[in-house]
Structures are given as C-alpha cells and as structure tokens.
Amino acid sequence: SIHITNDLSKFNKMAGSVPEWGIAIAKNKVNKIIMQSPNLARISYSKFKKVLKHELNHIYIFQMPRYETIPSWFKEGLAMYYSNEFSISHKIEISNFLWKQKIVPLTKLQTINKHDNITLQYAESAAAIESLIYYYGENIIIKIFNNLHLNQTFELALENAINTPYINFQNNFQLFLNENYKWVFLLKSGKHFFVILPFMLIFGFYYKSYKNKKILKLWQLEEELDNY
C-alpha cells in the first residue's frame, strides 16, 4: 500500500525512523510506502514521481530470496537507476571525489553510512548499476534476479551472472568511474567550459602527436639495433 500525507507529524509517526533529509520510506515485511506529499516535501510533481518509483523498486527487492545478502549499493543503485534519479549533479560529485582520490570502494557500500557523504554513496551506487549494464549487457540485472530466486547469496548470484569473480567487477567498476566520470566536473563550470574546451582539444591533439613521435622514435631505434 502507498500512504501519501500532507501532515509532517503524521508522516513521522507512520514512517518511524527516517533520515532528516528523507521524504519517503519503503517498509519491509508490510510492503508499505509512506511519502510526504509534493506540497509538504516542497518538490515538483516530476520529482515526486521519481521518488515514488524509487520506493517501488525497494518494495520489489524486498521480495527477493536472500534479501539480507543484497548490499546497499545494489538496492539503492537499482532504485536510483530505474527512477532516473541519477543526475548530472551526482556525476559531478563522483568526478570531484575521483580527483580527491576519495571514492568509496564497493566493499564499503554494503551498508549506506548515514553519517558520511550520502550524495556520493548514492551516486556511486547508481554508477555501479550503470557499469554492470555497460560491461555485462542489458539482461545482467534479470540474470542476477534469476540466481537470487535460486536461493543463491547475492555475491554468488552476481558471480554466476557475470561469469567472473566479484573482485573483477569491483576492478571494472573503478575503471568505469575513471573512464566515464573523471572529467565531468568541468560541466560545473557552465559557460566557461565551452571557452576552455577548444584549448583542451588542442592540448590533447599535441599531446597525442608528441606521444606518437616518441613511439615512432622508439621503433626506429629498435630497428637500428636489430640491423646492427
């Protein structure tokens, strides 16, 4: 069932323990969603629909066998991915922390730490789902679900779905972050980004030309040594 209220005290009473920033919660076992109305939460109807989809995703995951073995990054990542909440601001957050070398490893996202950077943890969770789909195809989530229904633990369900050890996915995830989000922070510069872009492209061209020349010289040296 879904309960939407315009009364904050009623929401707090029905929802129980909810983070200060929380405007909705999905309750396990009773399969219930409690939400603040758009007016109470001060959000648009479009945002409200995304939050509702997010919580419905949680209700679906609650039904999975071996639910207790599913890490937070997968649960929250799926909810964000399928509700289209993974925004450019989340990607900028990842980019910033990549440069600071303070990305949270998946092993530490077994449970979301409410006292740490929530935005980063949720952003990485959504990015982990993107990377799963990128490396292992659109059907990877269904394969994991099918394995969970075979009463496999999450880690085993994932490994059987991707046909490689869990650690390999964790390494791929880190690679995915670096390749796809490292430079996203530039979008924060707004109009200045388009001023900087031509210079970046020119620098990239000359840098690549320089590397190619070094490689060519190395090949020539090796050829001379072979001839000698």
Side-chain angles (χ1 to χ4, degrees), residues 1-97 100 102-130 132 141 144-145 148-149 153-154 181 184-185 187-188:
S1 59
I2 301 171
H3 295 266
I4 303 167
T5 178
N6 203 35
D7 185 319
L8 184 58
S9 60
K10 187 177 179 182
F11 171 79
N12 290 332
K13 185 178 178 181
M14 293 178 70
S17 178
V18 179
E20 192 172 290
W21 40 266
I23 61 172
I25 189 170
K27 293 280 192 178
N28 197 356
K29 297 180 182 177
V30 292
N31 290 331
K32 183 186 292 184
I33 295 172
I34 300 119
M35 300 184 67
Q36 295 181 18
S37 68
N39 186 49
L40 178 61
R42 296 181 181 180
I43 57 174
S44 66
Y45 181 62
S46 173
K47 172 65 176 174
F48 178 80
K49 286 196 296 182
K50 288 182 179 181
V51 174
L52 178 57
K53 286 180 182 178
H54 183 114
E55 301 306 329
L56 285 169
N57 267 277
H58 284 311
I59 293 292
Y60 180 76
I61 298 293
F62 287 158
Q63 318 306 315
M64 287 291 155
R66 308 305 299 273
Y67 171 79
E68 73 284 356
T69 70
I70 303 176
S72 287
W73 69 260
F74 187 78
K75 293 181 284 190
E76 296 300 341
L78 272 183
M80 286 194 68
Y81 183 83
Y82 286 113
S83 60
N84 294 315
E85 290 180 300
F86 191 29
S87 66
I88 191 64
S89 62
H90 288 108
K91 294 170 184 177
I92 289 172
E93 187 78 356
I94 291 173
S95 180
N96 287 335
F97 278 85
K100 293 175 185 176
K102 289 185 178 180
I103 284 294
V104 182
L106 282 185
T107 50
K108 290 190 176 180
L109 289 176
Q110 289 293 114
T111 304
I112 297 292
N113 183 351
K114 299 292 193 291
H115 304 290
D116 210 340
N117 187 323
I118 292 293
T119 302
L120 177 64
Q121 292 178 82
Y122 274 66
E124 283 192 47
S125 297
I129 300 301
E130 276 202 349
L132 266 176
I141 305 301
I144 293 170
F145 284 161
L148 286 168
H149 279 293
T153 64
F154 175 80
Y181 304 120
V184 176
F185 79 93
L187 295 176
K188 197 174 181 180

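- Summarising the geometry, atom CG belonging to Leu78 is positioned 10.0 Å from atom NE2 belonging to His54; distances are rounded to the nearest 0.5 Å.
- Salt bridge annotation for Glu68-Arg66: present, with a cationic side-chain nitrogen under 4.0 angstrom from a carboxylate oxygen.
- Shown here for Ile25 and Ala15, the closest heavy-atom pair between the two residues is CG2-CB, 3.7 Å.
- Considering every non-hydrogen atom in both Glu85 and Ala79, the closest pair reads OE1-O, 4.1 Å.
- With rounding to the nearest 0.5 Å, the separation of CD in Gln36 from CZ in Phe48 is 10.0 Å.
- Side chain of Glu55 to backbone of Ala26: a donor-acceptor contact under 3.5 angstrom is found.
- Checked by atom type, the side-chain pair Ser87/Ser89 shows a donor-acceptor distance below 3.5 Å.
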Check: Does the pair Leu148 and Ile70 meet the rule for a side-chain contact (heavy atoms from CB on, under 4.5 Å), with working shown?
Finding: CA-CA 9 Å; Leu148 286 168; Ile70 303 176; 4.0 Å; yes
Note to self: For a side-chain contact (heavy atoms from CB on, under 4.5 Å) check, start with the C-alpha distance between Asn117 and Lys102, then their side-chain angles and the critical distance, and finish with the verdict.
What the structure shows: CA-CA 11 Å; Asn117 187 323; Lys102 289 185 178 180; over 6 Å; no
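- Residue Lys75 holds its NZ atom at 7.5 Å from CZ of Phe62, rounded to the nearest 0.5 Å.
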Next item on the list: Show your working on side-chain contact (heavy atoms from CB on, under 4.5 Å) between Lys91 and Phe86 and close with a plain yes or no.
Entry: CA-CA 8 Å; Lys91 294 170 184 177; Phe86 191 29; 3.7 Å; yes
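- Two residues are said to be in side-chain contact when any heavy atoms from C-beta on lie closer than 4.5 Å; Leu106 and Pro71 fail this criterion.
- Taking CG from Leu40 and CE from Met35, the interatomic distance works out to 11.0 Å, rounded to the nearest 0.5 Å.
- No option in Phe145, Tyr67, Trp73 other than Trp73 meets the ring pair (Phe, Tyr, Trp, His ring centres under 6.0 Å) test with Phe154.
- Residues passing the ring pair (Phe, Tyr, Trp, His ring centres under 6.0 Å) test with His90: none are found, sequence neighbours excluded.
- Tyr122 OH to Ile94 CD1: the interatomic distance, rounded to the nearest 0.5 Å, is 14.5 Å.
- Rounded to the nearest 0.5 Å, atoms CD (Glu93) and CD1 (Ile103) are 9.0 Å apart.
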Next item on the list: Determine, step by step, whether Gln63 and Asn31 satisfy the side-chain contact (heavy atoms from CB on, under 4.5 Å) criterion, reporting the C-alpha distance in whole Å, the side-chain angles of both residues, the deciding distance to 0.1 Å, and the verdict.
Entry: CA-CA 9 Å; Gln63 318 306 315; Asn31 290 331; 2.9 Å; yes
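- With Ser9 as the fixed residue, the side chain to side chain donor-acceptor pair (under 3.5 Å) test singles out one of Asn12, Asp7, Thr5: Asp7.
- The shortest non-hydrogen separation linking Ala123 to Met80 is N-SD, 4.5 Å.
- The nearest pair of heavy atoms linking Lys53 to Tyr82 is CD-O, 4.4 Å.
- For Ile59 against Lys27, the heavy-atom pair with the smallest separation is CD1-O, 4.1 Å.
- Judged purely by atom type and a 3.5 angstrom limit, Ser72 has no side-chain atom pairing as donor or acceptor with the backbone of Leu109.
- The closest side-chain heavy-atom distance from Asn113 to Val104 is not below 4.5 Å.
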